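The next block holds one structure in the form of structure tokens; read it before the comments.
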Amino acid sequence: MNIIDKALDLLKGGKLVAIPTETVYGLGADAKNPLAVQKIYAVKGRPPTNPLIIHIPNADAMSHFATDIPEDAWRLAKAFWPGPLTLILNRHTSVPPATTGGQDTVALRVPNHSITLELLARFGGGIAAPSANRYGRISPTTTDHVREELGSKVDYIVEGGPCQIGIESTIVYLAAGSAMILRQGHISATELTAVLGYDIMVKGGPAIEAPGSSLSHYAPIKPLYLLEKLSLQNIMTQLNDQKRHYDVISFASPPEIEPYISQWITASNDPIQYAQHLYSHLRDLDKTNSECILVEAPPNTELWLAITDRLARAARPLE
Ligand code: AMP
Ligand code: MG
């Protein structure tokens with residue numbers, strides 16, 4: 001039996017299947033089967049009020065999961081799907097509230113990964129899939145990460161290689177009036193604005209607290225501090241004086257002699273590549289014998305917004 005046949009059988013039987021996407025690996029279940037969906041919440045330890053994203057095979061399938069779909073949604077879907085954009089629309093009554101965390105709205109996305117697109121086309125329905133990690137932890141971007149996070153709690157893991165984008169989708173709220181960004185991602189406000197023909201608003205709006213927007217999300221186990229270049233050097237000096245081990249992610253090359261650095265990662269200056277490797281780096285650094293991770297803050301520009309957002313949520317304030 002090939003991997004897609006196997007995944008299909010399990011999903012139809014109400015089981016959990018980890019699926020590859022271009023953003024991060026998802027923990028998938030049949031979006032219209034409330035019992036299957038409840039398993040996602042149980043395995044992740046995710047509060048039941050946190051809504052899931054439903055993955056669908058194409059834009060036309062939107063109308064099986066949402067109602068009163070505005071013109072803006074069709075326009076964005078046409079421009080960016082398959083791709084790392086999630087649209088929040090009014091929930092169709094056929095979608096169980098268990099899948100939407102009790103909300104009257106629903107999150108939809110067509111992922112850009114050939115295996116998952118084939119799986120979705122053959123499944124015929126929608127696959128509800130949040131990131132395949134325990135609640136609050138770093139999202140997985142390889143199947144090894146998924147195994148590390150969930151082990152035997154997931155019925156099957158579809159191998160689809162490392163995720164190409166590496167951070168979660170941009171989320172756009174479209175259930176009332178004009179579009180608004182709820183979560184930053186690979187697709188920027190500038191790109192969305194160009195398609196919509198008006199300036200898209202950013203957050204501040206709907207009453208729903210997005211799980212990805214709560215503090216201490218995407219977080220390694222050991223403390224992570226996000227620092228401007230000068231403070232980074234400062235803290236490194238202090239930690240050296242105290243003979244405490246630490247890891248660094250910086251845009252600079254490592255200093256020649258630095259006995260208390262357990263691992264130094266020279267990060268890419270290209271935000272696309274930085275995002276692709278970010279979660280893998282954080283997982284690797286979580287396994288070293290250091291006490292903490294110091295990360296040099298990325299440039300304060302739109303291209304780095306989604307990355308800075310994830311780092312800020314992974315970071316702790318300096319004590
Ligand atoms: P994850 O798949 O773990 O990245 O999380 C799903 C994301 O989609 C969360 O950040 C949710 O806030 C967001 N989301 C899903 N459904 C809704 C909804 N109905 N309204 C607002 N946000 C949603
Ligand atoms: Mg998540």
Side-chain angles (χ1 to χ4, degrees), residues 16 18-29 31 37 40-41 43-56 62 65-69 73 84-93 95-111 113 116 126-141 145-146 149-150 154 163 165-176 179-187 201-220 275 278-279 282-283 306 309-310 313-314:
L16 297 183
I19 54 168
T21 81
E22 80 281 34
T23 59
V24 302
Y25 271 80
L27 178 59
V37 163
I40 294 181
Y41 285 95
V43 162
K44 275 183 68 88
R46 179 172 173 125
T49 50
N50 281 355
L52 307 176
I53 295 174
I54 302 180
H55 296 72
I56 56 176
M62 264 199 290
F65 298 87
T67 55
D68 308 320
I69 301 168
L85 177 70
T86 297
L87 302 180
I88 310 291
L89 300 162
N90 290 299
R91 176 174 63 90
H92 192 286
T93 48
V95 178
T99 307
T100 64
Q103 301 295 329
D104 288 334
T105 50
V106 64
L108 301 179
R109 174 168 114 79
V110 179
H113 192 291
T116 296
I127 302 178
S131 49
N133 53 276
R134 285 164 288 150
Y135 184 64
R137 295 267 299 129
I138 304 166
S139 301
T141 54
H145 298 167
V146 178
E149 282 290 319
L150 304 176
V154 51
C163 300
I165 303 278
I167 55 171
E168 303 77 2
S169 57
T170 307
I171 300 181
V172 172
Y173 188 83
L174 283 163
M180 171 159 28
I181 295 181
L182 293 193
R183 177 173 74 188
Q184 300 283 353
H186 180 81
I187 294 174
M201 288 181 291
V202 179
K203 219 166 193 177
I208 311 140
E209 170 70 5
S213 75
S214 56
L215 284 178
S216 186
H217 221 78
Y218 318 114
L278 174 62
Y279 290 152
L282 293 182
R283 274 176 193 277
D309 169 78
R310 302 309 187 275
R313 292 180 204 292

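None of these values were measured; they are calculated from a predicted model. As the structure lists them, so they are numbered: ligands from 1, and atoms in each ligand from 1.
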Examine the proximity of ligand 1 to [X] and report which part, side chain or backbone, both or neither, has a heavy atom under 4.0 Å away.
| X | result |
| --- | --- |
| R183 | side chain |
| T100 | neither |
| T105 | both |
| I171 | side chain |
| R46 | side chain |

Testing I127, L150, I19 one by one against L27 for a side-chain contact (heavy atoms from CB on, under 4.5 Å), which residue passes?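 Filter result, single survivor: L150.
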
So, S139 and the Mg ion (ligand 2): N/O/S under 2.8 Å, yes or no? no

Determine whether any heavy atom of I88 lies closer than 4.0 Å to an atom of ligand 1.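 Contact present.
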
Check whether any heavy atom of L182 sits under 4.0 Å from an atom of ligand 1. yes

Of all residues at least two apart in sequence or in a different chain, which pass the side chain to side chain donor-acceptor pair (under 3.5 Å) check with Q184? none

Ligand 1 to P130, heavy atom cutoff 4.0 Å, flagged ligand atoms 2 (O), 3 (O)

If you measure only the distance, is there a donor-acceptor pair under 3.5 Å linking the side chains of [X] and [Y]?
| X | Y | result |
| --- | --- | --- |
| E168 | S139 | yes |
| T21 | T116 | no |
| S131 | R137 | no |

Tell me every residue that passes side chain to side chain contact (heavy atoms under 4.5 Å, CB included) with A18, counting only those two or more places apart in sequence or in another chain.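 A18 satisfies side chain to side chain contact (heavy atoms under 4.5 Å, CB included) with V146, V154, I157 once adjacent residues are dropped.
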
Any idea which heavy atoms bring C163 and Y25 closest together, and the distance?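 Heavy atoms of C163 and Y25 come nearest at SG-CD1, 3.5 Å.
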
